[in-house]
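What you are looking at is a predicted structure, and each value in this text was computed from that prediction instead of being measured.
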Amino acid sequence: QVQLVESGGGLVQAGGSLRLSCTASGRTFSWYYLGWFRQAPGKEREFVAAITRSGGRTTYADSVKGRFTISRDNGKNTVYLQMNSLQREDTAVYYCAADSRSYILNMRDLNEYAYWGQGTQVTVSS
């Protein structure tokens with residue numbers, strides 16, 4: 001079992017930046033695949049970014065590629081999402097997700113993740 005707690009959300013103007021953090025407690029953090037997902041009002045939860053257990057491979061949704069960066073610090077049990085050039089369309093609740101299997105087929109699929117945080121609100125104003 002692992003507990004995930006997100007932080008760093010808030011209100012920012014379009015074009016600005018935020019860095020989200022997700023800190024985990026419980027089992028060994030380096031065992032986990034980690035992902036960020038988001039859900040806007042009235043929409044389904046969607047993939048944003050994910051990172052492998054070693055941090056050696058990352059993948060991004062096309063809508064955020066080049067603007068967002070996912071990274072992890074296994075020593076601090078934390079995964080980050082650096083968000084630059086924020087747009088109004090990025091407004092959503094952002095969720096951190098984790099899974100401890102040795103291999104997952106599709107890091108972009110929310111159904112691959114067993115553990116979820118409570119979410120942090122990101123609001124981008126024009």
Side-chain angles (χ1 to χ4, degrees):
Q1 189 79 11
V2 65
Q3 292 78 44
L4 303 171
V5 179
E6 302 98 334
S7 61
L11 175 64
V12 63
Q13 286 191 328
S17 298
L18 281 176
R19 188 176 80 157
L20 305 183
S21 300
C22 174
T23 301
S25 60
R27 296 173 63 185
T28 306
F29 185 73
S30 60
W31 292 358
Y32 291 90
Y33 283 86
L34 298 164
W36 286 98
F37 292 78
R38 66 187 181 185
Q39 188 166 17
K43 294 188 176 182
E44 294 186 350
R45 193 169 299 189
E46 65 175 6
F47 169 75
V48 176
I51 190 166
T52 54
R53 298 191 296 177
S54 67
R57 185 165 67 92
T58 58
T59 184
Y60 297 92
D62 288 345
S63 60
V64 307
K65 197 174 297 182
R67 300 188 298 122
F68 290 11
T69 302
I70 187 172
S71 62
R72 66 189 294 165
D73 185 336
N74 287 343
K76 294 183 178 180
N77 285 8
T78 301
V79 60
Y80 304 98
L81 186 68
Q82 177 67 43
M83 306 186 295
N84 298 329
S85 302
L86 282 161
Q87 304 167 357
R88 289 189 63 186
E89 301 78 57
D90 296 317
T91 294
V93 177
Y94 283 71
Y95 297 91
C96 174
D99 197 89
S100 62
R101 288 173 291 163
S102 58
Y103 174 77
I104 61 175
L105 182 62
N106 183 0
M107 292 195 294
R108 295 168 172 252
D109 185 352
L110 60 87
N111 294 303
E112 295 277 26
Y113 296 86
Y115 305 105
W116 291 83
Q118 82 290 346
T120 186
Q121 176 70 47
V122 172
T123 303
V124 184
S125 64
S126 58

Self-check item: Distance-minimising heavy-atom pair for T91 and A40
Solution: O-CB, 3.7 Å
Quiz item: Cluster question for you: counting only ILVMFWY and a side-chain heavy-atom cut-off of under 4.5 Å, with indirect links fine, are Y80 and V48 together?
Solution: no
Self-check item: With T58, the side chain to side chain contact (heavy atoms under 4.5 Å, CB included) member among I70, T52, T69
Solution: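 One option only clears the test, and that one is I70.
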Quiz item: Do other residues, nucleotides or ligands put more than 12 heavy atoms under 6.0 Å from R101 CZ?
Solution: yes
Quiz item: Are the side chain of E6 and the backbone N or O of T120 linked by a donor-acceptor pair below 3.5 Å?
Solution: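 Not at all, since once roles are kept as given, no pair shorter than 3.5 Å links the two residues.
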Quiz item: Got a second to check how far Y95's OH is from Q118's CD, nearest 0.5 Å?
Solution: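 CD of Q118 is found 9.0 Å from OH of Y95.
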Quiz item: When you measure from the centre of the six-membered ring of Y32, is the NZ or CZ of R72 under 6.0 Å away and within 45° of the axis?
Solution: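 No, cation not above the ring by the 6.0 Å, 45° rule.
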Quiz item: Are V124 and V93 linked, directly or through other ILVMFWY residues, by side chains that come within less than 4.5 angstrom of each other?
Solution: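 No, separate clusters.
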Exercise. Looking only at non-hydrogen atoms, find the nearest pair between R53 and S30 and report the distance.
Key: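 Smallest interatomic distance, heavy atoms only, reads CB-O, 3.4 Å.
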Quiz prompt | Contact check, side chains of N111 and Y113, non-hydrogen atoms, under 4.5 Å | solution = no
Quiz item: For the atom pair OH (Y60) and NZ (K65), what is the distance rounded to the nearest 0.5 Å?
Solution: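 Answer rounded to 0.5 Å: 10.0 Å.
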Quiz item: Shared ILVMFWY cluster between W31 and F29, side chains joined below 4.5 angstrom?
Solution: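 Yes, W31 connects to F29 through the hydrophobic network.
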Self-check item: Check: M83 and V64 side chains under 4.5 Å, non-hydrogen atoms
Solution: no
Practice problem: Begin from the C-alpha positions of C22 and L34 and carry the test side-chain contact (heavy atoms from CB on, under 4.5 Å) through to its verdict. | Solution: CA-CA 10 Å; C22 174; L34 298 164; over 6 Å; no
Quiz item: In this structure, which one of Y94, W36, F37 forms a ring pair (Phe, Tyr, Trp, His ring centres under 6.0 Å) with W116?
Solution: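 Result: among Y94, W36, F37, F37 is the only option passing the ring pair (Phe, Tyr, Trp, His ring centres under 6.0 Å) with W116.
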Self-check item: Step-by-step side-chain contact (heavy atoms from CB on, under 4.5 Å) determination, S63 to R38
Solution: CA-CA 12 Å; S63 60; R38 66 187 181 185; 3.5 Å; yes
Exercise. Give the C-alpha distance, both sets of side-chain angles, the deciding distance and a yes or no for side-chain hydrogen bond (donor to acceptor under 3.5 Å, both in side chains) between T23 and T78.
Key: CA-CA 4 Å; T23 301; T78 301; 3.3 Å; yes
Self-check item: Any L110 side-chain heavy atom under 4.5 Å of E46 side chain
Solution: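 When only atoms from C-beta onward are counted, E46 and L110 do not touch, as no gap falls below 4.5 Å.
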Quiz item: Taking the side chain from R19 and the backbone from G9, do they hold a donor-acceptor pair closer than 3.5 Å?
Solution: no
Self-check item: Nearest-0.5 Å distance that lies between atom CZ in R67 and atom CD in Q82
Solution: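 Those atoms lie 12.0 Å apart.
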Exercise. Determine, using the 4.5 Å side-chain heavy-atom cutoff (strictly less than), whether Y103 and F47 are members of one ILVMFWY cluster.
Key: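 Yes, one cluster joins them.
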Quiz item: Do S100 and V2 have side-chain heavy atoms sitting under 4.5 Å apart?
Solution: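 Sidechains of V2 and S100: no contact.
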Quiz item: Side chains of D99 and E112: does their closest heavy-atom pair fall under 4.5 Å?
Solution: no
Quiz item: Should F68 and D90 be marked as a side-chain contact (heavy atoms from CB on, under 4.5 Å) after you check the CA-CA gap, both sets of side-chain angles, and the distance that decides it?
Solution: CA-CA 11 Å; F68 290 11; D90 296 317; 3.9 Å; yes
Quiz prompt | Minimum heavy-atom distance between S126 and R88, given as atom pair plus value | solution = CB-CD, 3.5 Å
Exercise. Is it possible for you to say whether I51 and Y33 belong to one hydrophobic cluster, with membership spreading through side-chain heavy-atom contacts below 4.5 Å?
Key: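 Shared cluster, no.
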Practice problem: Measure across A24 and L4 and return the closest heavy-atom pair with its distance rounded to 0.1 Å. | Solution: CB-CD2, 3.6 Å
